[in-house]
A.B. asks: 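Quick one: structure below, then a few questions.
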Amino acid sequence: MFFAFVRKEGKHVLRDRRSLLILLGLPVVMMTLFGFALSNEVKNSNFIVVDRVPDAESIALTARLDESRYFTFVGKVRDEAEIQSYFRRGAARLALVFPAGFDHEMRHLGHSQLRLIADDSDPNTANTVSSYASVIIAQYQAELASGPPGSGGISVEARMLYNPQLKSSYMFVPGVMTLIIMLLGAMMTSVSIVREKERGTMEVLLVSPMNPLMVITGKAVPYMLLCLVDVLIILLLSYGVLDMPGGANIPLLIAESTLFILTTLALGLVISNAVQQQQTAMFVSLVGLLMPSLVFSGFMFPIENMPLPLQVISHVVPTRWFYQIASSIMIKHLGFAAVIKPTLVLVGMTLALLMVSWRTFKQRL
Amino acid sequence: MSATAQSDSAVRVEGLCKSYVKDGSPALSDLSFEVGKGELFGLIGPDGAGKTTLIRILTTLLLADRGTASVQGLDVVKDFRSIRRLVGYMPGRFSLYQDLSVAENLAFFATVFGTTVEANYHLVADIYQQLEPFRDRLAGKLSGGMKQKLALCCALIHAPSVLFLDEPTTGVDPVSRKDFWGMLGRLRDSGITILVSTPYMDEAARCDRIALLQHGKIIAMDSLAAMLASHATETFAVRGERPFAILQDLRAYPGTRYCFAFGQEHHLVLHHDAGGPAAASAYLRERGHGEVGIRRIEPNIEDVFIGLMHEQSKELRGQAASELGHE
């Protein structure tokens with residue numbers, strides 16, 4: 001009986017080509033968008049140099065920046081007034097100011113000072129650009145330190161953990177995965193159950209000896225499998241196309257994804273018990289779930305920066321916990337011990353939602 | 001199956017009341033009747049009479065506000081799980097999976113009731129044979145008549161002892177309707193109790209007994225023959241050019257008790273002291289309706305229904321006639 005339900009539900013999914021295309025195409029589109037088009041990498045920023053007394057070191061460092069794919073050297077200027085004119089015209093985003101005797105200080109004192117001036121009219125870009133420059137300078141400095149004796153340090157302190165190349169494309173993967181599961185899990189389940197109400201088939205199913213638990217679980221299984229397929233697509237794309245570094249505990253990630261899929265399915269069931277029309281189900285899932293999921297997951301906006309009330313709200317948003325789990329496993333390569341707390345929170349939420357959907361399931365019309 | 005011994009009625013309804021809106025007009029008001037075992041019972045009435053509400057209460061889908069109802073001796077509220085096991089239900093709207101094939105739908109509903117198509121094929125064989133050529137066609141692509149036959153198969157596959165059919169022939173062509181009623185007759189002969197609702201008066205002849213439902217009340221309940229016999233009201237059919245104008249004038253005629261449109265004609269019932277059809281005919285000629293044919297007819301079920309409604313409430317005159325569905 002149970003398998004008859006799963007099989008029937010599977011047929012619904014497979015025969016609805018348009019929905020199937022959305023279900024399987026969405027992860028591909030989202031991954032491509034976030035991976036390539038919506039990258040927050042800043043490439044080929046123009047930079048200028050103030051170097052009144054050029055020497056070997058300052059010339060080498062300038063060349064090093066120019067060689068990187070993040071920067072392009074566009075000229076030398078004499079003073080800060082000229083820097084401003086470059087910035088005003090938008091001809092450069094960053095200026096590098098070498099002190100006189102940079103080479104000398106480096107070799108004899110072992111350290112020196114550099115000034116980075118960024119065009120802060122676009123703070124995000126300015127921030128990114130100056131961190132990139134800092135990293136490149138730090139690398140240069142590290143090479144100097146292990147180089148010939150007498151070479152010294154430049155005091156720039158910047159470390160980009162977990163993403164040393166500052167490649168941002170795969171940083172989006174945990175967030176995109178969180179959103180896709182949330183969207184598909186909750187929306188597809190609720191819409192498919194409400195469809196039965198709308199078409200009247202629920203009426204026939206009710207007047208049968210069938211247990212409502214059967215309808216609920218019968219619906220959940222095919223959508224769970226579909227969501228897992230989506231997780232696999234996302235993983236294939238991240239490792240195959242976006243060059244995500246290996247080392248993550250994939251079985252753990254899949255197990256956690258399964259848990260989160262269950263959470264979203266349970267949420268979909270709760271929605272389906274509350275609404276009568278497919279349109280409403282879709283609207284509630286999209287607007288009611290997607291927006292808070294996006295805002296409160298920590299994927300786009302850091303939760304620590306939010307005012308306290310919003311931080312409190314974020315605790316009840318399941319995506320926040322799964323995003324934490326997914327990024328810990330995928331980016332930081334942490335094991336189960338690091339994600340126990342969010343895992344337990346998700347388990348609790350899932351059980352609570354299943355209870356609610358069980359209790360609110362209507363035995364009559 | 002698990003029917004109680006002391007009662008030989010398949011369905012028993014006592015003082016059933018149901019309102020959807022608080023203090024609004026009731027969908028059912030103080031309804032009481034019984035359906036015997038193995039009876040083909042028809043609920044006949046216009047849209048909004050309360051047919052669907054009644055069937056939904058009996059199939060445990062809705063709760064009544066007051067009154068009790070039982071199916072095979074089981075209470076519709078307390079024993080709703082047991083009732084769901086032994087009744088077959090076909091809702092008014094086509095309620096099968098349109099994206100599953102004929103065979104898949106039947107197999108699915110068989111499984112839902114814990115049986116298989118093979119085990120109970122003999123129950124539906126008669127009907128399913130007609131669907132066999134389309135077994136792989138999606139249910140959504142069937143004709144209206146075929147859809148209803150499939151739905152009937154699905155409602156029958158678990159060998160129900162009582163079958164509830166809510167307007168099974170609405171939107172079905174006349175040939176298929178006749179076919180469908182033939183099937184219901186054979187099912188009744190095989191011992192299944194059938195409660196069927198319909199807005200079509202002409203289908204009353206196929207039922208063992210009928211209840212005429214109007215505004216949530218039963219206004220008459222008997223076999224069709226007995227109802228027609230007790231009606232015994234002289235009825236005339238009036239035919240002429242400009243039928244609408246004739247209807248208007250007849251309703252304004254002081255000798256008219258009631259008059260309603262029936263196809264191309266008007267059915268007319270006169271007051272006893274009105275001078276008969278000759279006076280009515282003269283009145284119409286006076287009003288400029290040249291060739292008007294008036295002849296006496298045998299009243300049909302619709303005449304009975306209108307007559308009863310007329311007795312029930314004078315203000316319903318006119319309005320109800322236009323609400324009636326007929327072929």
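Note: hydrogens, waters and symmetry copies are ignored here, and every other heavy atom, side chains too, is used. In what follows, chains are A, B, ... by sequence order, proteins preceding strands, each numbered from 1. Because the structure is a prediction, the values reported are computed rather than measured.
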A.B. asks: Has the side chain of A:Arg364 got a donor or acceptor atom that lies under 3.5 Å from a matching backbone atom of B:Leu62?
C.D. replies: no

A.B. asks: Which bit of B:Tyr97 comes within less than 4.5 Å of chain A, counting heavy atoms only: side chain, backbone, both or neither?
C.D. replies: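 B:Tyr97 touches chain A through backbone and side-chain heavy atoms alike.
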
A.B. asks: A:Arg15 vs B:Gln98, test: side-chain contact (heavy atoms from CB on, under 4.5 Å). Steps then yes/no.
C.D. replies: CA-CA 11 Å; A:Arg15 286 180 192 173; B:Gln98 318 240 4; over 6 Å; no

A.B. asks: With side-chain contact (heavy atoms from CB on, under 4.5 Å) as the test, would you mind laying out the steps for A:Gln363 and B:Arg81 before giving the verdict?
C.D. replies: CA-CA 10 Å; A:Gln363 298 277 358; B:Arg81 287 226 174 275; 3.0 Å; yes

A.B. asks: Hey, which residues of residues 132-145 of chain B are touching chain A, say heavy atoms under 4.5 Å apart?
C.D. replies: B:Leu138

A.B. asks: Atom OG1 of A:Thr201 and atom CG of B:Leu96: how far apart are they, to the nearest 0.5 Å?
C.D. replies: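 If I round to the nearest 0.5 Å, the distance is 8.5 Å.
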
A.B. asks: In Å, rounded to the nearest 0.5 Å, how long is the span from CG of B:Asp166 to CD of A:Glu203?
C.D. replies: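 Reported value, rounded in 0.5 Å steps: 8.0 Å.
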
A.B. asks: As an exercise, state the distance from CZ of A:Phe5 to OG1 of B:Thr111, rounded to the nearest 0.5 Å.
C.D. replies: 9.5 Å

A.B. asks: How long is the span from the CG atom in A:Leu206 to the OG1 atom in B:Thr60, to the nearest 0.5 Å?
C.D. replies: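 With rounding to 0.5 Å, CG (A:Leu206) is 8.0 Å from OG1 (B:Thr60).
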
A.B. asks: Could you report the tightest heavy-atom contact between B:Tyr89 and A:Val207, atom names first, then the distance?
C.D. replies: CD2-CG2, 3.6 Å

A.B. asks: Counting heavy-atom pairs under 4.5 Å with chain B, which one of A:Arg195, A:Lys11, A:His12 comes out on top?
C.D. replies: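 Ranked by heavy-atom pairs under 4.5 Å with chain B, first place is A:His12.
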
A.B. asks: Check whether any side-chain N or O of A:Arg199 sits under 3.5 Å from a backbone N or O of B:Ser95 as a donor-acceptor pair, and report yes or no.
C.D. replies: no

A.B. asks: Measure B:Phe113 against the heavy atoms of chain A and call it side chain, backbone, both or neither at under 4.5 Å.
C.D. replies: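 Contact with chain A involves both backbone and side-chain atoms of B:Phe113.
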
A.B. asks: Side-chain contact test, heavy atoms from C-beta onward, threshold under 4.5 Å: evaluate it for B:Phe108 versus A:Leu205 and give yes or no.
C.D. replies: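 The answer is yes; the side chains approach within 4.5 Å.
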
A.B. asks: Do A:Met210 and B:Arg85 come close enough that some side-chain heavy atom pair is under 4.5 Å?
C.D. replies: no

A.B. asks: Can you say whether B:Leu100 sits under 4.5 Å from chain A via the side chain, the backbone, both, or neither, judging by heavy atoms?
C.D. replies: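 Both the backbone and the side chain of B:Leu100 come within 4.5 Å of chain A.
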
